[in-house]
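Nothing fancy with the numbering, it's 1 onward along the sequence. Side chains are part of it too, since the values below use all heavy atoms of this structure and drop only hydrogens, waters and symmetry mates. Here the structure is a predicted model, which is why all the values come from computation and not from measurement.
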Amino acid sequence: MNSPLIRVGVFYDGNYFLKISDYYYFQHERKARISLEGLHEYIRHQVAEEEDVDVRLAQITDAHFFRGRLSATEARDKDRLFHDRLLDDILMNLGVQTHYMALKTRDGRLQEKGIDVWLSLEALELALHKTLDVVVLIAGDSDYVPLIRKLNTVGTRVMLLNWDFKYEDFKGETRVTRASQQLLEQVTYPVAMHDVIDRGLQAQDEVVEGLFVNQMEPAAFAPSSAAAPKLARPTGPTAAGPVGTLGMSTIKNLKNGFGFVVMPPNNLFFSYADLTEGDFNDLREGDWVEFTVGRNHRDEDCARNVRKVAAPQLGEGEDEYETANAHSATAEFSATAEL
(Lines give C-alpha, C1' and ligand atoms only; values in the text may rest on other atoms or scores of the structure.)
Protein backbone atom coordinates (compact mmCIF):
# COMPACT_ATOMS: atom_id res chain seq x y z
CA MET A 1 0.00 0.00 0.00
CA ASN A 2 1.41 3.38 -0.98
CA SER A 3 1.97 5.88 1.82
CA PRO A 4 -0.03 9.12 1.48
CA LEU A 5 2.95 11.01 2.95
CA ILE A 6 4.75 13.37 0.58
CA ARG A 7 8.47 13.10 1.33
CA VAL A 8 10.23 16.39 0.70
CA GLY A 9 13.98 16.99 0.43
CA VAL A 10 15.28 20.57 0.61
CA PHE A 11 18.65 21.45 -0.91
CA TYR A 12 20.28 24.85 -0.43
CA ASP A 13 22.93 26.46 -2.56
CA GLY A 14 24.27 28.22 0.55
CA ASN A 15 25.81 31.31 -1.02
CA TYR A 16 22.67 31.88 -3.10
CA PHE A 17 20.49 31.67 0.00
CA LEU A 18 22.75 34.00 2.02
CA LYS A 19 22.70 36.53 -0.82
CA ILE A 20 18.88 36.45 -0.70
CA SER A 21 18.84 36.85 3.08
CA ASP A 22 21.25 39.81 2.89
CA TYR A 23 19.03 41.46 0.28
CA TYR A 24 15.98 41.37 2.55
CA TYR A 25 18.02 42.55 5.53
CA PHE A 26 19.79 45.47 3.85
CA GLN A 27 17.81 46.40 0.70
CA HIS A 28 14.18 45.37 1.01
CA GLU A 29 11.77 47.48 3.06
CA ARG A 30 11.16 44.48 5.36
CA LYS A 31 14.71 44.91 6.81
CA ALA A 32 14.90 41.38 8.21
CA ARG A 33 16.72 38.17 7.42
CA ILE A 34 15.05 35.07 6.03
CA SER A 35 14.09 32.58 8.75
CA LEU A 36 15.07 29.02 7.85
CA GLU A 37 12.39 27.64 10.13
CA GLY A 38 9.80 29.91 8.52
CA LEU A 39 11.03 28.96 5.05
CA HIS A 40 10.58 25.27 5.81
CA GLU A 41 7.04 25.93 7.01
CA TYR A 42 6.31 27.83 3.79
CA ILE A 43 7.76 24.94 1.74
CA ARG A 44 5.44 22.45 3.44
CA HIS A 45 2.40 24.62 2.69
CA GLN A 46 3.47 25.19 -0.93
CA VAL A 47 4.18 21.52 -1.58
CA ALA A 48 0.83 20.57 -0.01
CA GLU A 49 -0.93 23.04 -2.31
CA GLU A 50 0.85 21.84 -5.45
CA GLU A 51 0.41 18.15 -4.58
CA ASP A 52 -3.19 18.69 -3.47
CA VAL A 53 -2.77 17.11 -0.02
CA ASP A 54 -3.26 18.20 3.57
CA VAL A 55 -0.25 20.16 4.83
CA ARG A 56 0.25 17.53 7.53
CA LEU A 57 1.10 15.03 4.80
CA ALA A 58 3.86 17.22 3.33
CA GLN A 59 6.88 16.55 5.51
CA ILE A 60 10.50 17.60 5.07
CA THR A 61 12.44 14.38 5.64
CA ASP A 62 15.85 15.68 4.48
CA ALA A 63 17.43 19.13 4.37
CA HIS A 64 20.97 19.86 3.18
CA PHE A 65 23.01 23.08 3.00
CA PHE A 66 26.02 23.32 0.64
CA ARG A 67 28.54 26.12 0.72
CA GLY A 68 32.16 27.02 0.09
CA ARG A 69 33.86 27.92 3.35
CA LEU A 70 36.86 29.91 4.55
CA SER A 71 39.41 28.33 6.86
CA ALA A 72 39.13 29.30 10.53
CA THR A 73 42.08 31.69 10.20
CA GLU A 74 40.71 33.35 7.06
CA ALA A 75 37.25 33.65 8.60
CA ARG A 76 38.76 35.32 11.66
CA ASP A 77 40.77 37.74 9.55
CA LYS A 78 37.68 38.64 7.51
CA ASP A 79 35.50 38.96 10.64
CA ARG A 80 33.32 36.04 9.58
CA LEU A 81 34.13 33.48 12.29
CA PHE A 82 31.28 34.43 14.62
CA HIS A 83 28.68 34.68 11.85
CA ASP A 84 29.74 31.36 10.33
CA ARG A 85 29.34 29.70 13.72
CA LEU A 86 25.99 31.41 14.26
CA LEU A 87 24.75 30.02 10.94
CA ASP A 88 26.00 26.56 11.92
CA ASP A 89 24.00 26.75 15.17
CA ILE A 90 20.81 27.67 13.31
CA LEU A 91 21.25 24.88 10.76
CA MET A 92 22.09 22.33 13.45
CA ASN A 93 19.06 23.23 15.56
CA LEU A 94 16.79 22.77 12.54
CA GLY A 95 18.34 19.41 11.65
CA VAL A 96 19.80 20.71 8.39
CA GLN A 97 22.90 18.77 7.37
CA THR A 98 25.80 20.99 6.34
CA HIS A 99 28.24 20.25 3.51
CA TYR A 100 31.27 22.54 3.29
CA MET A 101 33.98 22.70 0.68
CA ALA A 102 37.16 24.76 1.02
CA LEU A 103 37.21 27.97 -1.00
CA LYS A 104 40.07 28.16 -3.50
CA THR A 105 42.16 31.23 -4.32
CA ARG A 106 42.53 31.87 -8.02
CA ASP A 107 43.99 35.03 -9.52
CA GLY A 108 43.98 36.58 -6.05
CA ARG A 109 40.25 35.94 -5.52
CA LEU A 110 38.45 33.35 -3.42
CA GLN A 111 36.27 31.12 -5.58
CA GLU A 112 33.72 28.42 -4.86
CA LYS A 113 34.20 25.40 -7.10
CA GLY A 114 32.44 22.05 -7.09
CA ILE A 115 29.51 22.90 -4.79
CA ASP A 116 26.93 22.51 -7.57
CA VAL A 117 28.28 19.07 -8.49
CA TRP A 118 28.30 17.92 -4.86
CA LEU A 119 24.74 19.17 -4.27
CA SER A 120 23.53 17.47 -7.46
CA LEU A 121 25.08 14.11 -6.59
CA GLU A 122 23.70 14.21 -3.05
CA ALA A 123 20.21 15.22 -4.19
CA LEU A 124 20.02 12.49 -6.83
CA GLU A 125 21.31 9.81 -4.45
CA LEU A 126 18.80 10.73 -1.74
CA ALA A 127 15.94 10.98 -4.23
CA LEU A 128 16.68 7.42 -5.36
CA HIS A 129 17.49 5.73 -2.04
CA LYS A 130 15.04 7.60 0.19
CA THR A 131 12.36 7.79 -2.49
CA LEU A 132 11.82 11.53 -2.17
CA ASP A 133 8.58 12.62 -3.80
CA VAL A 134 9.54 16.29 -4.14
CA VAL A 135 12.98 17.90 -4.20
CA VAL A 136 12.97 21.60 -3.32
CA LEU A 137 15.93 23.45 -4.77
CA ILE A 138 16.96 26.88 -3.47
CA ALA A 139 19.31 28.00 -6.21
CA GLY A 140 19.40 29.95 -9.44
CA ASP A 141 22.31 28.63 -11.50
CA SER A 142 21.86 26.82 -14.81
CA ASP A 143 24.49 24.30 -13.62
CA TYR A 144 21.62 22.51 -11.83
CA VAL A 145 19.72 21.79 -15.08
CA PRO A 146 21.27 18.28 -15.50
CA LEU A 147 20.18 17.40 -11.95
CA ILE A 148 16.61 18.49 -12.64
CA ARG A 149 16.48 16.51 -15.89
CA LYS A 150 17.70 13.40 -14.10
CA LEU A 151 15.18 13.86 -11.27
CA ASN A 152 12.43 14.24 -13.86
CA THR A 153 13.57 10.95 -15.39
CA VAL A 154 13.22 9.04 -12.11
CA GLY A 155 9.82 10.59 -11.38
CA THR A 156 10.76 13.02 -8.62
CA ARG A 157 9.01 16.38 -8.87
CA VAL A 158 11.19 19.46 -8.47
CA MET A 159 10.17 22.75 -6.86
CA LEU A 160 12.45 25.74 -7.44
CA LEU A 161 12.35 28.67 -5.03
CA ASN A 162 13.80 31.56 -7.01
CA TRP A 163 14.19 35.33 -6.66
CA ASP A 164 14.43 38.16 -9.18
CA PHE A 165 15.68 41.56 -7.98
CA LYS A 166 18.37 44.16 -8.51
CA TYR A 167 19.89 46.92 -6.40
CA GLU A 168 22.83 49.30 -6.26
CA ASP A 169 25.67 48.30 -3.93
CA PHE A 170 27.82 50.60 -1.78
CA LYS A 171 30.22 51.10 -4.71
CA GLY A 172 27.37 52.31 -6.91
CA GLU A 173 27.42 49.12 -9.00
CA THR A 174 24.15 47.44 -10.01
CA ARG A 175 23.73 43.93 -8.60
CA VAL A 176 21.24 41.55 -10.23
CA THR A 177 19.96 38.23 -8.93
CA ARG A 178 17.85 36.22 -11.34
CA ALA A 179 17.28 32.49 -11.83
CA SER A 180 18.33 30.88 -15.09
CA GLN A 181 15.43 30.72 -17.55
CA GLN A 182 16.53 27.23 -18.55
CA LEU A 183 16.29 26.19 -14.91
CA LEU A 184 12.78 27.62 -14.58
CA GLU A 185 11.62 25.76 -17.70
CA GLN A 186 12.79 22.37 -16.44
CA VAL A 187 11.27 22.27 -12.96
CA THR A 188 7.81 20.98 -12.06
CA TYR A 189 6.90 23.77 -9.65
CA PRO A 190 8.68 27.14 -10.20
CA VAL A 191 7.94 29.55 -7.34
CA ALA A 192 8.74 33.27 -7.81
CA MET A 193 9.50 34.05 -4.19
CA HIS A 194 9.97 37.80 -4.72
CA ASP A 195 6.35 38.05 -5.84
CA VAL A 196 5.11 35.67 -3.15
CA ILE A 197 6.80 37.71 -0.43
CA ASP A 198 5.72 41.14 -1.65
CA ARG A 199 2.09 40.06 -2.11
CA GLY A 200 2.07 38.13 1.16
CA LEU A 201 3.46 41.01 3.19
CA GLN A 202 0.91 43.37 1.71
CA ALA A 203 -1.89 40.93 2.57
CA GLN A 204 -0.34 40.22 6.01
CA ASP A 205 -0.28 36.51 5.21
CA GLU A 206 0.78 34.63 8.34
CA VAL A 207 2.95 32.06 6.55
CA VAL A 208 4.76 34.75 4.53
CA GLU A 209 5.25 36.91 7.65
CA GLY A 210 6.85 33.84 9.22
CA LEU A 211 9.51 33.83 6.51
CA PHE A 212 11.40 36.56 8.39
CA VAL A 213 13.41 36.62 11.58
CA ASN A 214 11.70 38.91 14.09
CA GLN A 215 14.52 39.31 16.57
CA MET A 216 17.63 41.49 16.53
CA GLU A 217 20.69 39.93 14.96
CA PRO A 218 23.24 38.91 17.62
CA ALA A 219 26.42 40.98 17.78
CA ALA A 220 29.81 39.37 17.28
CA PHE A 221 31.09 40.86 20.52
CA ALA A 222 29.08 41.10 23.71
CA PRO A 223 29.30 44.54 25.35
CA SER A 224 31.59 44.51 28.37
CA SER A 225 30.10 45.12 31.79
CA ALA A 226 33.26 46.93 32.81
CA ALA A 227 33.37 50.69 32.53
CA ALA A 228 34.56 51.73 29.11
CA PRO A 229 37.68 53.91 28.88
CA LYS A 230 37.06 57.59 28.30
CA LEU A 231 37.46 58.15 24.59
CA ALA A 232 39.00 61.09 22.79
CA ARG A 233 37.33 62.40 19.67
CA PRO A 234 39.47 62.91 16.55
CA THR A 235 41.06 66.29 16.17
CA GLY A 236 42.57 67.76 13.05
CA PRO A 237 44.23 65.80 10.25
CA THR A 238 45.63 62.98 12.35
CA ALA A 239 46.19 59.34 11.45
CA ALA A 240 43.86 56.73 12.85
CA GLY A 241 46.57 55.35 15.09
CA PRO A 242 47.81 51.82 15.75
CA VAL A 243 45.56 48.79 16.19
CA GLY A 244 43.66 49.08 19.46
CA THR A 245 43.40 52.88 19.39
CA LEU A 246 40.08 54.00 20.84
CA GLY A 247 38.08 56.46 18.80
CA MET A 248 34.79 58.33 18.71
CA SER A 249 33.38 59.98 15.62
CA THR A 250 30.34 60.22 13.38
CA ILE A 251 29.12 57.97 10.58
CA LYS A 252 29.82 59.57 7.21
CA ASN A 253 27.68 57.26 5.08
CA LEU A 254 25.86 53.93 5.14
CA LYS A 255 24.85 51.56 2.40
CA ASN A 256 24.06 47.86 1.98
CA GLY A 257 25.45 46.70 5.31
CA PHE A 258 28.62 48.80 5.12
CA GLY A 259 29.60 52.25 6.26
CA PHE A 260 32.40 54.73 6.89
CA VAL A 261 33.34 56.48 10.11
CA VAL A 262 34.83 59.97 9.87
CA MET A 263 38.50 59.79 10.86
CA PRO A 264 40.94 62.22 9.24
CA PRO A 265 42.78 61.93 6.96
CA ASN A 266 40.93 58.84 5.71
CA ASN A 267 37.50 57.57 6.68
CA LEU A 268 37.39 54.13 8.31
CA PHE A 269 35.38 51.35 6.73
CA PHE A 270 33.15 49.05 8.84
CA SER A 271 30.44 46.47 8.20
CA TYR A 272 27.46 45.07 10.08
CA ALA A 273 29.75 42.31 11.38
CA ASP A 274 31.76 44.94 13.31
CA LEU A 275 28.85 46.04 15.52
CA THR A 276 29.14 45.05 19.18
CA GLU A 277 25.52 45.85 19.98
CA GLY A 278 22.35 47.04 18.30
CA ASP A 279 21.09 46.53 14.77
CA PHE A 280 22.89 47.89 11.70
CA ASN A 281 19.58 49.02 10.21
CA ASP A 282 19.04 51.33 13.20
CA LEU A 283 22.16 53.36 12.39
CA ARG A 284 21.86 56.69 10.58
CA GLU A 285 24.38 58.93 8.84
CA GLY A 286 25.62 61.50 11.36
CA ASP A 287 25.19 59.18 14.36
CA TRP A 288 28.02 59.17 16.88
CA VAL A 289 29.80 55.86 17.38
CA GLU A 290 32.77 54.64 19.33
CA PHE A 291 35.15 52.07 17.91
CA THR A 292 38.65 50.65 17.97
CA VAL A 293 41.07 50.87 15.07
CA GLY A 294 41.69 47.52 13.39
CA ARG A 295 43.22 46.15 10.22
CA ASN A 296 41.28 44.37 7.48
CA HIS A 297 42.43 41.51 5.25
CA ARG A 298 44.00 44.05 2.86
CA ASP A 299 46.05 45.42 5.76
CA GLU A 300 44.15 48.71 5.74
CA ASP A 301 42.87 50.67 8.72
CA CYS A 302 39.22 50.02 9.54
CA ALA A 303 36.79 50.43 12.44
CA ARG A 304 36.13 47.47 14.73
CA ASN A 305 33.89 46.95 17.80
CA VAL A 306 31.56 49.71 16.63
CA ARG A 307 28.66 50.81 18.80
CA LYS A 308 26.33 53.78 18.76
CA VAL A 309 26.80 56.35 21.54
CA ALA A 310 25.24 59.62 22.58
CA ALA A 311 26.67 62.74 20.97
CA PRO A 312 29.23 64.36 23.28
CA GLN A 313 28.61 67.81 24.70
CA LEU A 314 30.46 70.41 22.70
CA GLY A 315 32.24 73.14 24.62
CA GLU A 316 32.13 76.78 23.61
CA GLY A 317 34.18 77.37 20.49
CA GLU A 318 34.38 73.67 19.60
CA ASP A 319 33.07 72.22 16.37
CA GLU A 320 32.07 68.62 16.06
CA TYR A 321 35.60 67.38 15.35
CA GLU A 322 37.52 69.41 17.92
CA THR A 323 38.05 68.73 21.59
CA ALA A 324 39.80 70.45 24.41
CA ASN A 325 42.14 67.46 24.68
CA ALA A 326 43.71 66.98 21.27
CA HIS A 327 44.91 63.41 21.57
CA SER A 328 43.91 59.82 20.95
CA ALA A 329 43.68 57.27 23.71
CA THR A 330 45.47 54.00 23.09
CA ALA A 331 44.55 50.87 25.01
CA GLU A 332 45.60 47.26 25.07
CA PHE A 333 42.91 44.85 23.89
CA SER A 334 42.66 41.11 24.09
CA ALA A 335 42.93 38.98 20.98
CA THR A 336 39.17 38.63 20.97
CA ALA A 337 38.64 42.39 20.71
CA GLU A 338 40.98 42.55 17.71
CA LEU A 339 39.12 39.98 15.60
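The 12-atom threshold is not exceeded at NZ of K166, counting heavy atoms of other residues, nucleotides or ligands nearer than 6.0 Å. Heavy atoms from other residues, nucleotides or ligands lying under 6.0 Å from CG of D54 number more than 12.
With values rounded to the nearest 0.5 angstrom, I90 atom CD1 is found 9.5 Å from R33 atom CZ. A distance of 10.0 Å separates NZ in K31 from CG in D279, rounded to the nearest 0.5 Å. How far CG of L254 is from CD of E285: 5.5 Å, rounded to the nearest 0.5 Å. Distance check: L246 CG to E290 CD gives 8.0 Å after rounding to the nearest 0.5 Å. For the atom pair Y16 OH and D116 CG, the distance stands at 14.5 Å (nearest 0.5 Å). Going from atom SG of C302 over to atom CG of N267 covers 13.0 Å, rounded to the nearest 0.5 Å.
Looking at L151, I148, N152, L160 one by one, the single match for side-chain contact (heavy atoms from CB on, under 4.5 Å) with T188 turns out to be N152.
Partners of D198 under the salt bridge (charged side-chain N to carboxylate O under 4.0 Å, His left out) rule, at least two apart in sequence or in another chain, do not exist in this structure. By the side-chain contact (heavy atoms from CB on, under 4.5 Å) test, Q202 pairs with no residue at all, sequence neighbours left out. Applying the side-chain contact (heavy atoms from CB on, under 4.5 Å) criterion to Q27, with sequence neighbours excluded, gives Y23, Y167, N256. Shown here are the side-chain contact (heavy atoms from CB on, under 4.5 Å) partners of A303, two or more places apart in sequence or in another chain: V261, L268, F270, F291, V306. Every residue two or more places apart in sequence or in another chain that forms a side-chain contact (heavy atoms from CB on, under 4.5 Å) with K113 is listed here: R106, Q111. By the ring pair (Phe, Tyr, Trp, His ring centres under 6.0 Å) test, F11 pairs with H64, sequence neighbours left out. Looking at residues two or more places apart in sequence or on another chain, you find no salt bridge (charged side-chain N to carboxylate O under 4.0 Å, His left out) involving R149. For H194, there are no ring pair (Phe, Tyr, Trp, His ring centres under 6.0 Å) partners at least two apart in sequence or on another chain. Contacts of F26 classified as ring pair (Phe, Tyr, Trp, His ring centres under 6.0 Å), with partners at least two apart in sequence or in another chain: Y272, F280.
Residues V187 and L161 do not share a hydrophobic cluster, defined by chaining ILVMFWY side chains whose heavy atoms lie under 4.5 Å apart. Following chains of ILVMFWY side-chain contacts shorter than 4.5 Å, one cannot reach M92 starting from L86, and the two form parts of different hydrophobic clusters. At a threshold of 4.5 Å between side-chain heavy atoms, the hydrophobic network of Ile, Leu, Val, Met, Phe, Trp and Tyr places M101 and V117 in two separate groups. Both M193 and F65 are members of a single hydrophobic cluster when ILVMFWY side chains are connected at heavy-atom separations under 4.5 Å. In the hydrophobic clustering of ILVMFWY residues, with side-chain heavy atoms under 4.5 Å counting as a link, I60 and I34 come out together.
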inquiry  = Checking L275 against L283 for the side chain to side chain contact (heavy atoms under 4.5 Å, CB included) test, could you report, in this order, the C-alpha distance in whole Å, the side-chain angles of both residues, the deciding distance, and whether it holds?
reply    = CA-CA 10 Å; L275 290 186; L283 296 177; 4.0 Å; yes
request  = Take L18 and R67 through the side chain to side chain contact (heavy atoms under 4.5 Å, CB included) test and state the conclusion after the steps.
outcome  = CA-CA 10 Å; L18 293 174; R67 186 190 180 199; 3.4 Å; yes
task = Please lay out, stage by stage, how R175 and T177 fare under the test side chain to side chain contact (heavy atoms under 4.5 Å, CB included).
result = CA-CA 7 Å; R175 300 289 183 179; T177 294; over 6 Å; no
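With a 4.5 Å cut-off on side-chain heavy atoms, D274 and S271 count as touching. In this structure, R307 and N305 have side chains that are not in contact, with every pair of non-hydrogen atoms separated by 4.5 Å or more. Between I20 and F165, some side-chain heavy-atom pair lies under the 4.5 Å cut-off.
Judged by distance alone, the side chain of D22 and the main-chain N or O of K19 form no donor-acceptor pair under 3.5 Å. Remark: the backbone N or O of F17 is not paired with any side-chain donor or acceptor of S21 at under 3.5 angstrom. Judged purely by atom type and a 3.5 angstrom limit, N281 uses its side chain to pair as donor or acceptor with the backbone of Y25. Of the possible donor and acceptor atoms, none in the side chain of E37 sits under 3.5 Å from a partner among the backbone N and O of L94. For the pair S249 (side chain) and M263 (backbone), a donor-acceptor distance under 3.5 Å is absent. Between the side chain of N162 and the backbone N or O of V191, at least one donor-acceptor pair lies under 3.5 Å.
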Let me have the donor-acceptor pairs involving side chains of residues 38-48, under 3.5 Å, with sequence neighbours excluded, atom names and distances please.
{"from": "H40", "atom 1": "NE2", "to": "Y12", "atom 2": "OH", "distance (Å)": "2.8"}
{"from": "E41", "atom 1": "OE1", "to": "R44", "atom 2": "NH1", "distance (Å)": "3.2"}
{"from": "Y42", "atom 1": "OH", "to": "Q46", "atom 2": "OE1", "distance (Å)": "3.2"}
{"from": "R44", "atom 1": "NE", "to": "A58", "atom 2": "O", "distance (Å)": "2.8"}
{"from": "R44", "atom 1": "NH2", "to": "V55", "atom 2": "O", "distance (Å)": "3.0"}
{"from": "H45", "atom 1": "ND1", "to": "E41", "atom 2": "O", "distance (Å)": "2.9"}
{"from": "Q46", "atom 1": "NE2", "to": "E50", "atom 2": "OE2", "distance (Å)": "3.3"}

Compile the donor-acceptor pairs under 3.5 Å between side chains in residues 121-143 and protein atoms, sequence neighbours left out, one pair per line.
{"from": "K130", "atom 1": "NZ", "to": "D62", "atom 2": "OD1", "distance (Å)": "3.2"}
{"from": "D133", "atom 1": "OD2", "to": "R7", "atom 2": "N", "distance (Å)": "2.7"}
{"from": "D141", "atom 1": "OD1", "to": "D143", "atom 2": "N", "distance (Å)": "2.9"}

Cut-off 3.5 Å, no hydrogens considered: what does the side-chain donor-acceptor table look like for residues 203-213, sequence neighbours left out?
{"from": "D205", "atom 1": "OD1", "to": "V207", "atom 2": "N", "distance (Å)": "3.0"}
{"from": "D205", "atom 1": "OD1", "to": "V208", "atom 2": "N", "distance (Å)": "3.0"}

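With 3.5 Å as the limit, one finds a donor-acceptor pair spanning the side chains of D88 and Y100. With 3.5 Å as the limit, one finds a donor-acceptor pair spanning the side chains of E51 and Y189.
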